[in-house]
Amino acid sequence: MNSPEPDSAGPDSADAASARAAVAPVCSAKGCRDDAVWVLAWNNPKLHTPERRKTWLACDDHREHLSSFLGVRGFLKDVVTLTEWESDEKR
């Protein structure tokens with residue numbers, strides 16, 4: 001029996017990587033698939049060093065809810081636009 005040829009558009013192909021990169025980041029709110037507009041930078045001081053930043057992405061509709069969730073726990077460190085976050089990463 002012959003083994004099947006690898007699919008040229010399989011998950012590890014360059015085409016698949018390009019397709020994933022072309023997909024816009026989506027909101028982190030449960031069940032939301034809207035495009036992300038905001039980056040919520042946070043850390044849990046019990047788990048992370050002070051300079052460590054984890055991120056959640058938010059659409060306009062969920063920015064306040066996700067910010068409040070992190071804020072009441074003392075985790076929220078910064079909220080910036082996705083565009084600003086990406087431009088800061090390039091420096």
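Note that the coordinates shown come from a computational prediction; the quantities given were computed from them, not determined experimentally. Just the heavy atoms: all of them, side chains too, but no hydrogens, waters or symmetry mates, feed the values below.
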Hey, what do you get for [atom1] ([X]) to [atom2] ([Y]), rounding to the nearest 0.5 Å?
X     : Y     : atom1 : atom2 : value
Asp78 : Asn43 : CG    : CG    : 12.0 Å
Asp35 : Cys27 : CG    : SG    : 10.0 Å
Cys32 : His62 : SG    : NE2   : 5.0 Å

Grab the two heavy atoms, one from [X] and one from [Y], that are nearest each other, plus how far apart they are.
X     : Y     : value
Arg63 : Val79 : NE-CG1, 3.9 Å
Leu76 : Ser67 : CD2-O, 3.7 Å
Ala29 : Leu66 : N-CD1, 4.0 Å

Those residues at least two apart in sequence (or on a different chain) that pass side chain to side chain donor-acceptor pair (under 3.5 Å) with Trp42 are none

Of all residues at least two apart in sequence or in a different chain, which pass the side chain to side chain donor-acceptor pair (under 3.5 Å) check with Asp60?
Trp38

Side chain to side chain, Val37 and Leu82, heavy atoms closer than 4.5 Å:
no

Under the side-chain contact (heavy atoms from CB on, under 4.5 Å) rule, collect the residues that match up with Val26, sequence neighbours excluded.
Arg33

Hits for side-chain contact (heavy atoms from CB on, under 4.5 Å) against Thr83, two or more places apart or cross-chain, chain-then-number order -> Thr81

Parallel under 30°, tilted from 30 to 60°, perpendicular over 60°: which one fits the rings of His65 and Phe69?
tilted

Under 3.5 Å, sequence neighbours excluded: what are the donor-acceptor pairs made by side chains of residues 48-59?
| from | atom 1 | to | atom 2 | distance (Å) |
| --- | --- | --- | --- | --- |
| His48 | ND1 | Asn44 | N | 2.9 |
| His48 | ND1 | Asn44 | O | 3.4 |
| Thr49 | OG1 | Glu51 | OE2 | 3.0 |
| Arg53 | NH1 | Pro50 | O | 2.7 |

